[in-house]
K.L.:
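Sending over a structure as structure tokens; questions will come in a sec.
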Number of protein chains: 2
Amino acid sequence: MAKPLRKDAQRNRDLLVAAARELFAERGLDVPLEEIARCAGVSIGTLYNRFPGRADLIDAVFADRVAATRVLAEEALDMPDAWDGLVRFLTGVCEMQAADLGYNALASERGPYAAASEEAVAEGYALMRRIVARAQESGTLRPDVTLEDMVFVVWGHARTVEATAAIAPRLWRRHLALLLDGLRTPEPSPLPEPPLSPEQARRAMSP
Amino acid sequence: MAKPLRKDAQRNRDLLVAAARELFAERGLDVPLEEIARCAGVSIGTLYNRFPGRADLIDAVFADRVAATRVLAEEALDMPDAWDGLVRFLTGVCEMQAADLGYNALASERGPYAAASEEAVAEGYALMRRIVARAQESGTLRPDVTLEDMVFVVWGHARTVEATAAIAPRLWRRHLALLLDGLRTPEPSPLPEPPLSPEQARRAMSP
DNA sequence: GGGGAAGTTGAGGGTGCCCTCAAGTAGGTA
DNA sequence: TACCTACTTGAGGGCACCCTCAACTTCCCC
């Protein structure tokens with residue numbers, strides 16, 4: 001546990017996180033740090049005192065979203081119908097993506113920020129793996145897709161979510177429905193290539 | 001028709017386009033112009049003489065790909081089976097995306113370069129609309145998707161193509177198959193939102 | 001082959017962002 | 001109140017890229 005900050009320092013920290021949360025949500029993860037500082041009414045030097053790099057600020061801003069994603073996954077696992085659980089989880093993730101450009105980027109962009117709190121990500125993956133497995137065991141999710149497939153599918157979908165968020169904020173529901181129809185069991189065609197291993201997927205997403 | 005370039009100028013122009021083609025393919029559309037000039041063995045000033053801005057260079061580099069896409073679409077329309085034609089077209093586009101990061105970005109990124117030769121894009125859309133309509137008339141493509149849906153689907157898919165091109169260059173075939181299963185008619189679930197109008201789609205893709 | 005138009009060059013100014021650090025300020029403890 | 005430490009400040013150096021322009025070189029036509 002780190003020693004507590006001085007009162008003014010803590011206040012500034014909170015202001016910074018709040019400003020960053022707002023700007024990240026509106027404009028993505030690439031907002032200039034100087035703008036965040038200005039928007040928080042604090043100097044750029046203070047920002048660097050509190051957060052050595054952009055990634056630390058991102059960690060602080062999105063800690064609650066990571067937690068929310070976890071809760072979402074647990075709720076999905078608690079739903080009586082496995083397919084409903086899967087749909088619920090994907091819908092929830094897309095909702096957050098549509099509401100927050102920063103979250104979208106974090107959940108979908110390959111790049112330097114994916115590192116945010118390694119073990120939280122690992123936990124999230126473990127939960128998602130259970131959601132997928134459960135849906136497959138129930139016979140509703142086609143048996144030949146893997147978690148890695150799902151991640152890429154969502155990843156691609158994120159771009160649509162982002163592009164249409166401003167113009168038709170609910171359109172992603174349409175595309176998600178389209179996508180889910182491809183994941184259902186009824187008459188899947190054989191898939192032409194083997195899936196990615198978890199390790200390969202990891203490498204593909206953080207170059 | 002513009003007046004012909006002097007011999008050396010034409011040679012330099014060709015060198016620049018060749019260098020740009022290579023660098024765009026390897027590293028995307030954001031390569032520094034100075035690097036392109038250096039790689040062509042020409043000064044940055046010459047590059048600016050020949051191409052006032054990055055977009056002009058992009059136009060020159062990808063003119064043939066735009067033409068190739070058009071040919072692909074026409075071939076698809078000539079295939080006896082409408083569904084095969086659709087698959088053929090989508091596969092061809094993904095192949096080009098996987099082989100060339102620049103083409104991928106051009107076909108998928110929203111941003112300042114989408115403008116490349118307006119009327120060529122319009123023609124391409126018209127052809128794609130026919131491919132979609134034909135597949136729907138044949139009863140194989142679900143009737144409730146529109147061209148605009150397809151564009152976004154491909155658009156999202158492009159991100160997967162790009163991410164996995166280096167690690168598993170054929171993986172996109174797997175994801176395309178998944179996607180096509182969602183587009184087939186058999187048991188489509190009702191889509192929850194109305195599609196985008198062409199105008200809305202245009203706005204969504206070039207902010 | 002000579003003159004002028006066409007083309008080339010690359011240093012340099014502009015911009016936007018990153019990050020640092022020496023000097024100044026304000027909390028908190030005695 | 002006084003002092004020490006934690007904290008803040010913002011000008012400024014660094015970097016990467018964009019783009020320009022005055023001086024120089026090359027081509028091409030007469």
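Quick caveat: nothing in here was measured; it's all calculated off a predicted structure. A note on names: the letters A, B, ... follow the listed sequences, proteins ahead of strands, and every chain is numbered from 1.
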K.L.:
Looking across every strand, which nucleic acid part, if any, lies under 4.0 Å from B:Asp8 by heavy atom: base, sugar-phosphate, or nothing?
P.N.:
sugar-phosphate

K.L.:
Looking only at atom types and distance, does a side-chain atom of A:Arg142 sit under 3.5 Å from a main-chain N or O of A:Gly182, one as donor and one as acceptor?
P.N.:
yes

K.L.:
For C:dT9, does either OP1 or OP2 sit under 4.0 Å from a side-chain N or O belonging to B:Thr46?
P.N.:
yes

K.L.:
Just how far, in rounded Å, is P of D:dA6 from CZ of A:Arg13?
P.N.:
18 Å

K.L.:
Counting only side-chain heavy atoms from C-beta out, which of D:dC19, D:dT9, C:dT8 sits nearest to A:Ser43?
P.N.:
D:dT9

K.L.:
What integer distance in Å separates A:Phe51:CZ from C:dT20:P?
P.N.:
16 Å

K.L.:
How many Å lie between NZ on A:Lys7 and P on D:dC7, as a whole number?
P.N.:
14 Å

K.L.:
From CZ of B:Arg38 over to P of D:dC18, roughly how many Å is that when rounded to an integer?
P.N.:
12 Å

K.L.:
Using whole Å, report how far CG of A:Leu47 lies from P of C:dT20.
P.N.:
12 Å

K.L.:
Might you point out which heavy atoms bring B:Ala60 and B:Arg21 nearest each other, and give the distance in Å?
P.N.:
O-NH2, 4.4 Å

K.L.:
Measure the acute angle between the ring planes of A:Phe24 and A:Phe62, then classify it against the limits of 30° and 60° as parallel, tilted or perpendicular.
P.N.:
parallel

K.L.:
Closest approach to the side chain of B:Asn49, judged atom by atom: which nucleotide of D:dC18, D:dG10, C:dT8 is it?
P.N.:
C:dT8

K.L.:
Kindly say whether, by distance alone, the side chain of B:Glu34 makes a donor-acceptor pair under 3.5 Å with the base of D:dC19?
P.N.:
yes

K.L.:
Has the side chain of A:Asn104 got a donor or acceptor atom that lies under 3.5 Å from a matching backbone atom of A:Ala158?
P.N.:
yes

K.L.:
Using a heavy-atom cut-off of 4.0 Å across all strands, would you classify B:Arg11 as base, sugar-phosphate, or nothing?
P.N.:
nothing

K.L.:
Assign B:Ile44 to base, sugar-phosphate, or nothing according to its heavy-atom contacts below 4.0 angstrom with the strands shown.
P.N.:
base

K.L.:
Can you figure out which of C:dG27, D:dC19, C:dG7 approaches the side chain of B:Arg50 most closely?
P.N.:
C:dG7

K.L.:
The side chain of B:Ala9 lies closest to which of these nucleotides: D:dC18, C:dT8, C:dC17?
P.N.:
C:dT8

K.L.:
By nearest atom, which of the nucleotides D:dT9, C:dC18, C:dT8 is closest to the A:Val42 side chain?
P.N.:
D:dT9

K.L.:
Checking the side chain of A:Gln136 only, and the main-chain atoms of A:Val145 only, is there a donor and an acceptor separated by less than 3.5 Å?
P.N.:
yes

K.L.:
For A:Leu5 and for B:Pro32, find the nucleotide of DNA chain D with the closest heavy atom, then tell me which residue's nucleotide is more 5'.
P.N.:
A:Leu5

